[in-house]
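Structure first, commentary second.
So that the names make sense, note that chain A is the first sequence line, chain B the second, and so on, each numbered from 1.
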There are 2 protein chains.
Amino acid sequence: MVVSAKHPGKPSADGLSAAGDRLAEAIELLFFAYRDFISDPDKLLAEYDFGRAHHRVVHFVGRNPGITVAELLNILRITKQSLARVLKQLIERGFVVQETGKQDRRQRLLYLTASGRELEERLAAPQRARVAAALENAGPGAEEAWREVLLGLVNDEDRTEVEHRITRAPEQR
Amino acid sequence: MVVSAKHPGKPSADGLSAAGDRLAEAIELLFFAYRDFISDPDKLLAEYDFGRAHHRVVHFVGRNPGITVAELLNILRITKQSLARVLKQLIERGFVVQETGKQDRRQRLLYLTASGRELEERLAAPQRARVAAALENAGPGAEEAWREVLLGLVNDEDRTEVEHRITRAPEQR
DNA sequence: AAAATATGTCAACATGGCTGACACAAAATG
DNA sequence: CATTTTGTGTCAGCCATGTTGACATATTTT
């Protein structure tokens with residue numbers, strides 16, 4: 001094979017810089033993995049007339065009962081107007097409830113209802129199965145390495161918080 | 001600490017099912033890692049008045065010179081109408097060129113121009129740096145495990161293709 | 001000659017981001 | 001106690017990017 005001079009091929013095509021491509025491959029792999037990973041719950045969400053934004057809220061409220069709106073915004077990194085749209089629907093349709101904060105009565109603490117927990121469980125099941133299968137297939141020890149790399153991808157200034165969030169019991173309010 | 005009976009806490013809060021939560025944590029970690037990973041190129045894209053959709057096209061055309069529209073659609077898993085919108089802009093502004101296929105003259109083979117390659121490089125740089133830092137920090141051997149798990153997350157029916165795509169030289173046309 | 005394929009395009013619509021402005025209650029501060 | 005700050009909600013409008021459906025054209029395959 002000859003790589004066209006007019007249109008250079010991928011760097012590795014000439015066999016000279018294959019090693020330098022490993023990063024590009026890793027980046028691509030992350031794209032493919034995420035593409036399929038988030039595709040799981042879509043059909044189910046459609047049944048509820050919900051979208052991926054609803055999924056994220058249900059997930060993080062489920063994992064952090066009593067989370068405040070501000071904390072949720074900090075996790076999702078979206079504007080409060082964007083969050084309000086989906087949150088309103090989840091509340092109206094009885095998947096999420098709000099409670100006024102005891103210490104700080106300005107806060108609206110968010111909780112899943114029984115229906116909300118059921119939805120969360122149904123959404124999480126295929127993703128858990130997918131991750132479990134991938135981890136099992138990769139053998140023992142792979143999970144630790146995998147998690148360490150993912151954590152390393154998080155912004156430096158957010159890493160501590162994420163680290164706590166995925167291990168810590170929910171903060172008290 | 002006492003978990004409210006009215007609003008059950010996360011499963012791990014009672015210390016009884018912490019192990020079962022590992023999957024949920026892994027799922028969350030994937031969310032956080034991807035959230036920050038894709039945030040890198042956004043500022044740069046804004047300078048060009050482009051979005052993430054343009055980024056994806058530039059990336060995959062750059063990595064697969066001469067890729068057909070159909071192949072690109074299969075990678076991105078979007079409709080041809082969605083692709084057409086961003087592809088048209090990339091072509092009009094001189095980042096991508098099309099060439100009629102030699103064997104099959106119906107095909108439009110896609111290539112980056114010099115500007116396109118420059119854009120691709122500028123977009124990829126921060127992501128490569130992020131991944132490189134995460135891998136280095138996780139120590140030797142972590143990369144292999146990380147990749148294996150990510151590959152395991154891909155749909156069974158797509159795994160072989162993805163595997164080839166991230167290692168193989170571009171197919172001939 | 002007819003059918004299938006690769007691509008392009010038009011139109012309309014939905015989701016979920018965004019900015020900017022404003023309102024209100026509660027808490028924190030001087 | 002008066003003032004400022006904070007947490008939240010909401011209205012209005014815009015934009016990017018996904019969707020479906022229909023149709024056109026050129027080319028290849030049958």
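For Phe31(B), the ring-ring contact (aromatic ring centres under 6.0 Å, His included) test picks out Phe60(A), with sequence neighbours left out. His55(A) is linked by a ring-ring contact (aromatic ring centres under 6.0 Å, His included) to nothing, counting only residues two or more places apart in sequence or in another chain.
Ion pairing between Glu92(B) and Lys88(B) fails under the 4.0 Å rule for side-chain N and carboxylate O. Taking 4.0 Å as the cut-off between side-chain N and carboxylate O, Arg165(B) and Glu25(A) do not count as a salt-bridged pair. A salt bridge is absent between Asp49(B) and Arg93(B): the closest approach of a Lys/Arg side-chain nitrogen to an acidic carboxylate oxygen does not fall below 4.0 angstrom.
If you check the side chains of Arg130(B) and Asn155(A), you find a donor sitting under 3.5 Å from an acceptor. Between the side chains of Glu120(B) and His59(B), no donor-acceptor pair of N or O atoms lies under 3.5 Å.
Rounded to whole angstrom, the span from the CZ atom of Arg52(A) across to the P atom of dG18(D) amounts to 10 Å. The separation between Glu71(B) atom CD and dT5(C) atom C1' is 14 Å, rounded to whole Å. Distance, Ile67(A) CD1 to dG7(D) P: 14 Å, rounded to whole Å. When the P atom of dG18(D) is taken as reference, atom CG of Leu72(B) falls 11 Å away, rounded to whole Å. Note: CG (Leu73(B)) to C1' (dT9(C)) measures 14 Å, nearest angstrom. A straight line from CD of Gln107(B) to P of dT29(D) spans 10 Å, rounded to a whole angstrom.
A sub-4.0 Å separation between OP1 or OP2 of dT17(D) and a side-chain N or O of His54(B) is present. Remark: Gln98(B) is in phosphate contact with dG8(C), judged by side-chain N or O atoms under 4.0 Å from OP1 or OP2. The phosphate of dG18(D) has OP1 or OP2 within less than 4.0 Å of a side-chain N or O from Arg56(B).
Closest approach of Val162(B) to Phe32(A), counting heavy atoms only: CG1-CD1, 3.7 Å.
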Derivation of the side chain to side chain contact (heavy atoms under 4.5 Å, CB included) call for Arg122(B) and Glu47(B) = CA-CA 12 Å; Arg122(B) 294 184 68 190; Glu47(B) 287 178 29; 4.1 Å; yes
From CA spacing to verdict: side chain to side chain donor-acceptor pair (under 3.5 Å), Glu161(B), Asn74(B) = CA-CA 11 Å; Glu161(B) 187 194 332; Asn74(B) 181 51; 3.0 Å; yes
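With contacts defined as side-chain heavy-atom distances shorter than 4.5 Å, the pair Leu119(A)/Arg117(A) does not qualify. Using a 4.5 Å heavy-atom cutoff, the side chains of Leu30(B) and Leu153(B) are in contact.
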Can you give one letter per nucleotide of nucleotides 25-30 of chain C, going 5' to 3': B for a protein heavy atom under 4.0 Å from the base, S for sugar-phosphate only, - for none?
-> -BS---
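Shown for residues 78-90 of chain B: residues whose heavy atoms fall under 4.0 angstrom of DNA chain C, namely Lys80(B), Gln81(B). If you check residues 30-51 of chain B against DNA chain C, you find no residue with a heavy atom closer than 4.0 Å.
End-to-end axis angle for the helix from dA1(C)-dT30(D) to dG30(C)-dC1(D), using five pairs per end and rounding to 10°, comes out at 30°.
Between the CG atom in Leu151(A) and the CZ atom in Arg159(A) there is a gap of 6.0 Å [rounded to 0.5 Å].
When ring centroids are compared, Phe95(A) and Phe50(A) come within the 6.0 Å threshold.
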